[in-house]
Colleague: 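Structure in structure tokens, see below.
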Amino acid sequence: NDFNNAAPSAINSQEEEKFEDDSLQKQTLDLGIDSTAKDDDADSLIQLKNRYIISPAASGLMVIDQHRAHVLILYTKYMNGLNSGGFSTQQVIFPEVITLSPSQNIILESMQESLKQIGFDISYLGDNAWTVNGYPSVLEDVNPNETLMKMIDSVANGNEVTDEDLKTQTALSMAQAAAIPAGKQLSNAEMEHLMNELLTLPAPGYTPTGLPVISIISTEEISERFSR
């Protein structure tokens, strides 16, 4: 299921082998990317269908899924923050009431202490109703209620949740909610910033759930299309 796949360990062995070396140079070479040339190629970036970023690469063309790339960038940022002691709490001026089903209420009760540790401030009102009085400051423009419901739904799907699982799911839920969506037009500067952030990650090729972020179309593949 998606929750279990959310942990970085869910990336299959073939993907782990691809990124087993912590060196950015090693990993980008595996993908056919010349990491030292990305700044020089910034003016050559193209956005395709407001979904993909295309850039020249050492072995051909590099295609980046902009949404998945941003999910991975944010997920890494959030996990680093959670592993460093969590986030400060941003208080809500006018808290909204969340009404849950009885089963969802039981789940949230079991998660309350762990949620507090990562920056959520929630209060039980009775009759399966809660308020979110504060949320992790790193969420910024993300709707904290929606993020909280995603975490509850994940547990409701039958997943056992440890504190580490909660960290992982929290980081993933926040990243998915805050990431640049597919279909959003980006400026050249935004594309350059996104690509540069992505290529500085230790494992830029796959999302936490194992989906590809980067695809390389080799020069050989392109040549074959014109050889007929």
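Remember, predicted model here, so these are calculated numbers, not experimental data.
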Colleague: Only distances under 3.5 Å count here; give the side-chain donor-acceptor pairs of residues 214-222 to other protein atoms, sequence neighbours excluded, each with its distance to 0.1 Å.
Modeller:
from: Ser218; atom 1: OG; to: Glu221; atom 2: N; distance (Å): 3.1
from: Ser218; atom 1: OG; to: Glu221; atom 2: OE2; distance (Å): 3.3
from: Thr219; atom 1: OG1; to: Ser59; atom 2: O; distance (Å): 3.1
from: Glu221; atom 1: OE2; to: Ser218; atom 2: N; distance (Å): 3.1

Colleague: Which residue pairs satisfy the salt bridge (charged side-chain N to carboxylate O under 4.0 Å, His left out) criterion with at least one member in residues 66-88, sequence neighbours excluded?
Modeller: Asp65-Arg68
Colleague: Looking at residues at least two apart in the chain, or sitting in another chain, which of them share a side-chain hydrogen bond (donor to acceptor under 3.5 Å, both in side chains) with Ser110?
Modeller: none
Colleague: Applying side chain to side chain contact (heavy atoms under 4.5 Å, CB included), name anything that partners Asn83, two or more places apart in sequence or on another chain.
Modeller: Met79, Glu164, Lys167
Colleague: What is the distance from atom CD1 of Ile73 to atom CD of Glu197, rounded to the nearest 0.5 Å?
Modeller: 5.0 Å
Colleague: To the nearest 0.5 Å, what is the distance between CD (Gln90) and CG (Asp121)?
Modeller: 11.5 Å
Colleague: Only one of Ile152, Asn145, Thr147 clears side-chain contact (heavy atoms from CB on, under 4.5 Å) with Met149; which?
Modeller: Ile152
Colleague: For residues Leu198 and Pro204, report the shortest heavy-atom separation together with the two atoms involved.
Modeller: O-CB, 3.3 Å
Colleague: To the closest 0.5 Å, what do you measure between NE2 (His70) and CG (Leu186)?
Modeller: 9.5 Å
Colleague: Can you check whether Leu45 reaches Ser55 side chain to side chain, under 4.5 Å on heavy atoms?
Modeller: yes
Colleague: Could you pull out the closest heavy-atom pair between Pro136 and Ile118, with the gap in Å?
Modeller: CG-O, 3.3 Å
Colleague: Quick one: side chain to side chain contact (heavy atoms under 4.5 Å, CB included) partners of Leu48, sequence neighbours excluded?
Modeller: Tyr52, Ile54
Colleague: List for me each residue that meets side-chain hydrogen bond (donor to acceptor under 3.5 Å, both in side chains) alongside Thr89, sequence neighbours excluded, and say none if there are none.
Modeller: none
Colleague: Who pairs with Gln47 by side-chain hydrogen bond (donor to acceptor under 3.5 Å, both in side chains), at least two apart in sequence or on another chain?
Modeller: Gln66
Colleague: Please name all residues satisfying side-chain hydrogen bond (donor to acceptor under 3.5 Å, both in side chains) with Ser137, sequence neighbours left out, ordered by chain then number.
Modeller: Ser88
Colleague: Can you measure from CG (Asn50) to NE2 (His67) and round to the nearest 0.5 angstrom?
Modeller: 14.5 Å
Colleague: Given side chains that start at C-beta, do those of Leu100 and Ile107 come closer than 4.5 Å, heavy atoms only?
Modeller: no
Colleague: Answer yes or no: is there a side-chain heavy-atom contact under 4.5 Å between Ile122 and Lys116?
Modeller: no
Colleague: Within the structure provided, determine whether Asn133 and Val92 are in side-chain contact (heavy-atom separation under 4.5 Å).
Modeller: no
Colleague: Kindly compute the distance separating CG (Asn105) from CG (Asn128), expressed to the nearest 0.5 Å.
Modeller: 4.0 Å
Colleague: Roughly how far apart are Thr207 OG1 and Leu172 CG, rounded to 0.5 Å?
Modeller: 8.0 Å
Colleague: Could you work out, with side chain to side chain contact (heavy atoms under 4.5 Å, CB included) as the rule, every residue matching Ser187, not counting sequence neighbours?
Modeller: Ala189, Glu190
Colleague: For Gln91, I'd like to know if atom CD has over 12 heavy atoms of other residues, nucleotides or ligands within 6.0 Å.
Modeller: yes
Colleague: Minimum heavy-atom separation for Glu224 and Ser227, please, with both atom names.
Modeller: O-OG, 2.8 Å
Colleague: Which pair of non-hydrogen atoms, one from Tyr78 and one from Ala175, has the smallest distance, and what is that distance?
Modeller: CE1-N, 3.5 Å
Colleague: Which heavy-atom pair separates Ala179 from Val71 by the least distance, and what is that distance?
Modeller: CB-CG2, 3.5 Å
Colleague: For Thr76, give me all partners under side chain to side chain contact (heavy atoms under 4.5 Å, CB included), at least two apart in sequence or on another chain.
Modeller: Leu72, Asn80, Leu201
Colleague: Would a hydrophobic clustering, with Ile, Leu, Val, Met, Phe, Trp and Tyr connected at side-chain separations under 4.5 Å, put Leu61 with Phe226?
Modeller: yes
Colleague: Can you list everything that forms a ring pair (Phe, Tyr, Trp, His ring centres under 6.0 Å) with Tyr124? Sequence neighbours excluded, please.
Modeller: Trp130
